[in-house]
Protein chains: 2
Amino acid sequence: MSIEDDAVEVRAQGWRTLAALHGLIESELEKSLQSEHRLSVVEYTVLDVLSRQDGWHMRMQQLGRATALSPSATTRLVNRLEDRALLTRILCLDDRRGIYTELTAAGQELLTRARPVHDATLERALADARELPELAPLVQALPSLLPA
Amino acid sequence: MSIEDDAVEVRAQGWRTLAALHGLIESELEKSLQSEHRLSVVEYTVLDVLSRQDGWHMRMQQLGRATALSPSATTRLVNRLEDRALLTRILCLDDRRGIYTELTAAGQELLTRARPVHDATLERALADARELPELAPLVQALPSLLPA
DNA sequence: GATAAATGATTGCACACGCAACTATCCCGC
DNA sequence: GCGGGATAGTTGCGTGTGCAATCATTTATC
């Protein structure tokens with residue numbers, strides 16, 4: 001019993017730490033990307049993830065999963081970026097329900113300018129977090145968890 | 001140069017992983033807490049953090065920091081919970097600008113009922129995440145990062 | 001001790017979000 | 001090849017959020 005209770009508490013504590021670090025980083029990114037390039041974090045994420053699909057298109061649904069957004073929010077997010085001519089919708093030929101999205105040159109260009117801001121802010125936010133005792137271990141461990 | 005570029009990319013990758021795991025867990029918690037107890041994740045967080053301040057009160061600002069919420073959002077969050085009689089505002093005597101908040105018996109009771117739902121959902125969400133190759137390492141490492 | 005700057009919290013406003021309902025397209029069984 | 005169910009995406013609507021401006025109180029300056 002006590003052992004299982006401990007496991008529950010450890011998970012909850014881990015989640016609180018994760019959420020705290022996430023919240024800190026996200027609000028820093030939000031402020032800097034918004035003020036420098038009028039981009040929200042999730043908008044930047046879309047541009048970034050699209051740029052990584054080198055040559056490949058992405059469906060709305062995949063975009064929604066990549067951003068943890070609902071279908072309706074995904075639609076409007078793509079609308080906003082399309083209105084700013086940062087990406088284009090491309091109708092799917094083999095499945096005409098589906099819609100692909102693709103970065104425009106302007107989108108690619110904005111991403112190129114925004115990326116340094118994003119990266120610098122991320123570095124600063126992580127440095128700040130490393131000063132907080134409850135976040136430091138997670139920040140410290142993060143880089144070693146990637147190669148899968 | 002290349003080494004520094006790598007560090008930038010590693011940080012970005014770590015952030016994407018962190019954000020992905022956070023998004024997955026948060027949407028699961030949101031769904032279960034909302035449907036079972038009409039609580040959002042951030043509302044649950046407030047009840048939880050207040051219950052941990054055993055005997056101690058918390059100022060609005062501290063609540064805002066604990067939830068990564070703006071002052072205005074904090075005000076309205078406390079309004080919602082106060083309207084449901086889950087917590088009470090207590091004026092600060094030594095600094096009459098400040099406002100303390102305290103769980104009511106009903107708030108404590110609701111938290112007691114919601115906590116099992118929260119914990120079970122968290123366990124399930126982490127198990128799901130462990131199945132995803134890109135998230136598994138972070139999920140695996142999380143429990144070991146806590147004692148600070 | 002009066003005025004100015006700073007701090008804690010609240011309100012007006014615009015906007016992004018999720019849910020549920022809807023449309024359009026595809027796929028399956030017969 | 002036709003009707004019913006599933007799937008991809010969009011829209012109406014209510015609500016939670018951040019920013020900027022505001023009010024109340026405290027603290028600093030003279």
Side-chain angles (χ1 to χ4, degrees), chain A residues 19 22-36 38-46 57-84 86-102, chain B residues 19 22-36 38-46 57-84 86-102:
Chain A
H22 179 273
L24 186 122
I25 295 173
E26 178 155 71
S27 31
E28 293 297 312
L29 287 176
E30 195 74 45
K31 276 183 284 189
S32 69
L33 286 174
Q34 195 61 252
S35 69
E36 308 246 4
R38 287 191 194 81
L39 282 175
S40 70
V41 172
V42 62
E43 286 165 352
Y44 176 89
T45 301
V46 167
H57 303 310
M58 268 188 100
R59 295 176 97 96
M60 301 289 287
Q61 211 171 6
Q62 301 176 272
L63 231 44
R65 236 178 298 117
T67 54
L69 240 47
S70 70
S72 61
T74 306
T75 291
R76 283 147 181 158
L77 174 51
V78 168
N79 283 347
R80 291 196 301 274
L81 296 175
E82 193 179 30
D83 288 348
R84 291 171 64 180
L86 301 174
L87 56 78
T88 56
R89 278 180 165 89
I90 300 179
L91 295 178
C92 220
L93 293 181
D94 51 319
D95 182 348
R96 293 191 315 198
R97 295 168 303 181
I99 292 185
Y100 289 136
T101 52
E102 195 182 34
Chain B
H22 179 273
L24 185 116
I25 295 173
E26 178 155 72
S27 30
E28 292 298 311
L29 287 176
E30 195 74 45
K31 275 183 284 189
S32 69
L33 287 173
Q34 194 62 251
S35 69
E36 307 246 5
R38 289 190 193 81
L39 281 175
S40 70
V41 173
V42 61
E43 285 165 352
Y44 176 89
T45 301
V46 166
H57 303 309
M58 269 188 100
R59 296 176 97 95
M60 301 288 288
Q61 212 170 6
Q62 300 175 272
L63 230 44
R65 234 178 298 117
T67 54
L69 240 47
S70 70
S72 61
T74 306
T75 291
R76 283 147 181 157
L77 174 51
V78 168
N79 284 347
R80 291 197 300 275
L81 296 175
E82 192 179 31
D83 288 348
R84 290 171 65 181
L86 300 175
L87 56 76
T88 56
R89 279 183 165 88
I90 300 179
L91 296 177
C92 219
L93 294 181
D94 51 319
D95 182 348
R96 295 189 314 197
R97 295 169 302 183
I99 293 185
Y100 289 137
T101 51
E102 195 181 33

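Bear in mind the structure is a predicted one, so any value in this text is a computation, not a measurement. A note on names: the letters A, B, ... follow the listed sequences, proteins ahead of strands, and every chain is numbered from 1. Note: hydrogens, waters and symmetry copies are ignored here, and every other heavy atom, side chains too, is used.
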Could you list the residues that satisfy side chain to side chain donor-acceptor pair (under 3.5 Å) with Thr67(B), not counting sequence neighbours? none
Once side chain to side chain contact (heavy atoms under 4.5 Å, CB included) is applied, do any residues pair with Ala68(B), and if so which ones, sequence neighbours excluded? none
Rounded off to whole Å, could you give me the CG-to-C1' distance for the Leu77(B) and dT15(D) pair? 13 Å
Pairing residues for Gln34(A) by the side chain to side chain contact (heavy atoms under 4.5 Å, CB included) criterion, not counting sequence neighbours: Glu30(A), Arg38(A), Ser40(A)
Separation of atom CG in Asn79(B) from atom P in dT17(D), rounded to whole Å: 12 Å
Interface with DNA chain D, restricted to residues 58-65 of chain B and to heavy atoms under 4.0 Å: none
What is the distance from CZ of Arg80(B) to C1' of dG14(D), rounded to the nearest Å? 13 Å
Calculate the interatomic distance between Tyr100(A) atom OH and dG9(D) atom C1'; express it in whole Å. 14 Å
Angle of first-five versus last-five pair axes in the helix from dG1(C)-dC30(D) to dC30(C)-dG1(D), to 10 degrees: 30°
Do Arg84(A) and Leu39(A) touch side chain to side chain, with heavy atoms closer than 4.5 Å? yes
When rounded to the nearest 0.5 angstrom, what distance separates CG in Leu87(B) from CG in Leu81(B)? 5.0 Å
Once salt bridge (charged side-chain N to carboxylate O under 4.0 Å, His left out) is applied, do any residues pair with Arg97(B), and if so which ones, sequence neighbours excluded? Asp95(B)
Taking N or O atoms only and anything under 3.5 Å, show me the protein contacts with nucleotides 19-25 of chain D, one pair per line.
| from | atom 1 | to | atom 2 | distance (Å) |
| --- | --- | --- | --- | --- |
| dC19(D) | N4 | Ser72(B) | OG | 2.8 |

How would you list, by chain and number, every residue that makes a side chain to side chain contact (heavy atoms under 4.5 Å, CB included) with Glu102(A), sequence neighbours excluded? His57(A), Thr88(A), Ile90(A)
Toward the 5' end of DNA chain C, by each residue's nearest nucleotide, Arg89(B) or Leu69(A): Arg89(B)
Only counting residues at least two apart or in another chain, list the ones meeting side chain to side chain donor-acceptor pair (under 3.5 Å) with Arg80(B). Glu43(B)
Between which nucleotides of DNA chain C, read 5' to 3', does contact with chain A run, using atoms under 4.0 Å from its heavy atoms? dA16(C) to dC26(C)
Side chain to side chain donor-acceptor pair (under 3.5 Å) partners of Arg89(B), counting only residues at least two apart: Asn79(B), Glu82(B)
Side chain to side chain contact (heavy atoms under 4.5 Å, CB included) between Leu91(A) and Arg96(A), worked out: CA-CA 7 Å; Leu91(A) 295 178; Arg96(A) 293 191 315 198; over 6 Å; no
Report the residues that fulfil side chain to side chain donor-acceptor pair (under 3.5 Å) with Ser70(A), sequence neighbours left out, ordered by chain and then residue number. Ser72(A)
Just how far is it from atom OH of Tyr100(B) to atom CZ of Arg59(B), taken to the nearest 0.5 Å? 5.0 Å
Closest approach of Leu33(A) and Val41(A), non-hydrogen atoms and distance? CD1-CA, 4.4 Å
